[in-house]
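Following: one structure in structure tokens, then a few remarks.
Just so it is clear, the values below take in all heavy atoms, side chains as well, and ignore hydrogens, waters and symmetry mates.
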Amino acid sequence: MKLIVIIPTLGRNEQVARLLSYLSGQTRLPDEVVLSAPDATHVELPESCPFPVSLVFGPKGLAAQRNTALVPALGRSDIITFFDDDFVPSAEYLEQIEKAFAENDGWAVVMGMVVRDGATNAGLTWEAAEAALREAEGKKHEGPLVVDHVGAYGCNMSLRSSLVGDLRFDERLVLYGWQEDIDFTSQMRSKGRVVCVTSISGVHLGIKTGRVSGERFGYSQVANAIYLVRKGSVPASFALPLMFRNIAANLARSLRPEPYVDRRGRLKGNMLAILHVAMGRIEPEYILKI
């Protein structure tokens, strides 16, 4: 099976170069890596790689950058794996992904287990990620080996190329594209199972550079959720509890916010989006005006 890795990136030259070097140590090398960026200033390639690396440039925004790379990759791949530029896969990650698809014809999307996620805290270093992976290797996982999901976590998700068809990431979810991964992969459930294989592991560093402002992100936490429920691509039973948890967290922590999260900005964005929804205005693109 031919496996292509796509890495959307923005303003993280050093991280991209390091991830490419890290991918060189995979037990199953990618057949190709595609870097998707707004322009060449956002990528810095190592001197050599044991696999082909290609660059594609297009509109800024996670959904748009995914599409820019996805479209040409579909015709020359069996599996497309998306990695965030700050995701650190275990050494056997791609080998296990290929095996999962080869042995399970009914699977449309596969993601690995994120053993540590820096998106939930101040972020992690590469050294901390490597230590977490070593620790995970020494532990026996308790619980089911395969877990079905509504959608996949975009920091590490793999698609069976033959099942994608005309489906594309929704470019109305602009910039950081909050929930664009769930929107896309939830629609893939009509073509096969969307699963997490818990023996496949990685670490999400959760680097904070290149993110949108707190107010923009807070607006997306509400507007994108309502938009996707209205669109019918994501169940309300998934999107609405997530939205309310985010609003509650921003409200509760706005008095003593974490130094790495703009809780007050997020709360301000939440309130503005709630006002717009009450007025019947459901417009994810509005964050471009904030």
Self-check item: Aromatic ring pairing Tyr93/Phe83, orientation class (parallel under 30°, perpendicular over 60°, tilted between)
Solution: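 Because their plane-to-plane angle is over 60°, the rings of Tyr93 and Phe83 count as perpendicular.
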
Any donor-acceptor N/O pair, [X] side chain to [Y] backbone, under 3.5 Å:
X: Asp170; Y: Arg172; value: yes
X: Asn246; Y: Leu242; value: yes
X: Thr198; Y: Leu145; value: yes
X: Asp148; Y: Val195; value: no
X: Asn13; Y: Thr41; value: yes
X: Arg264; Y: Leu255; value: yes
X: Thr185; Y: Met188; value: no
X: Asp31; Y: Ile4; value: no
X: Ser233; Y: Asp183; value: no

Go through the side-chain N and O atoms of [X] and [Y] and say whether any donor and acceptor fall under 3.5 Å apart.
X: Asn121; Y: Tyr260; result: no
X: Glu32; Y: Ser54; result: yes
X: His204; Y: Asp86; result: yes
X: Glu180; Y: Asn224; result: no
X: Ser77; Y: Ser161; result: yes
X: Thr27; Y: Glu95; result: yes
X: Arg263; Y: Asn250; result: yes
X: Arg12; Y: Thr9; result: no

Quick one, [X] and [Y] - any side-chain contact, counting heavy atoms below 4.5 Å?
X: Cys196; Y: Tyr153; value: no
X: Glu14; Y: Glu44; value: no
X: Leu3; Y: Arg28; value: yes
X: Val150; Y: Pro235; value: yes
X: Lys268; Y: Tyr219; value: no
X: Glu130; Y: Tyr22; value: yes
X: Pro89; Y: Leu23; value: yes

Quiz item: Are there more than 12 heavy atoms of other residues, nucleotides or ligands under 6.0 Å from atom NZ of Lys231?
Solution: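 Yes, NZ of Lys231 has more than 12 neighbouring heavy atoms, counting only those of other groups under 6.0 Å.
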
Practice problem: Assess whether atom CZ of Arg76 is packed by more than 12 heavy atoms of other residues, nucleotides or ligands within 6.0 Å. | Solution: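 Check passes, neighbour count above 12.
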
If every non-hydrogen atom of [X] is compared with every non-hydrogen atom of [Y], which pair is closest and at what distance?
X: Val234; Y: Ser186; value: CA-OG, 4.3 Å
X: Ala129; Y: Leu205; value: CB-CD2, 3.6 Å
X: Ala73; Y: Ile6; value: CB-CD1, 4.2 Å
X: Leu29; Y: Leu94; value: C-CD1, 4.4 Å
X: Val203; Y: Ala132; value: CG2-CB, 3.9 Å
X: Ile182; Y: Ala152; value: CD1-O, 3.5 Å

Check the hydrophobic clustering (I, L, V, M, F, W, Y; side-chain heavy atoms under 4.5 Å; chains of links allowed) and say if [X] and [Y] are grouped together.
X: Ile274; Y: Ile290; answer: yes
X: Leu240; Y: Ile247; answer: yes
X: Met111; Y: Leu133; answer: yes
X: Phe87; Y: Leu62; answer: no
X: Leu70; Y: Leu35; answer: no

For the atom pair [atom1] ([X]) and [atom2] ([Y]), what is the distance rounded to the nearest 0.5 Å?
X: Glu171; Y: Leu173; atom1: CD; atom2: CG; result: 9.5 Å
X: Ser90; Y: Gln96; atom1: OG; atom2: CD; result: 5.5 Å
X: Leu288; Y: Arg216; atom1: CG; atom2: CZ; result: 6.0 Å
X: Gln179; Y: Phe238; atom1: CD; atom2: CZ; result: 5.5 Å
X: Ile97; Y: Gln26; atom1: CD1; atom2: CD; result: 10.0 Å
X: Met157; Y: Phe184; atom1: CE; atom2: CZ; result: 7.0 Å

Any salt bridge linking [X] with [Y]? Criterion: basic side-chain nitrogen under 4.0 Å from a carboxylate oxygen.
X: Glu127; Y: Arg18; answer: yes
X: Asp78; Y: Lys2; answer: no
X: Lys99; Y: Glu103; answer: yes

Practice problem: Kindly determine whether Glu258 and Arg253 satisfy salt bridge (charged side-chain N to carboxylate O under 4.0 Å, His left out), including the steps that lead there. | Solution: CA-CA 8 Å; Glu258 309 94 320; Arg253 298 175 185 172; 3.2 Å; yes

Practice problem: Compute the ring centroids of Phe101 and Trp107, then answer whether they are less than 6.0 Å apart. | Solution: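 When the ring centroids of Phe101 and Trp107 are compared, they turn out to be at least 6.0 Å apart.
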
Quiz item: Are the ring centres of Phe169 and Phe82 closer than 6.0 Å?
Solution: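 Judged by ring-centre distance (under 6.0 Å), Phe169 and Phe82 do meet the cut-off.
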
Quiz item: Between Phe57 and His42, does a ring pair (Phe, Tyr, Trp, His ring centres under 6.0 Å) hold up when you go through it step by step?
Solution: CA-CA 10 Å; Phe57 303 126; His42 294 271; 8.9 Å; no

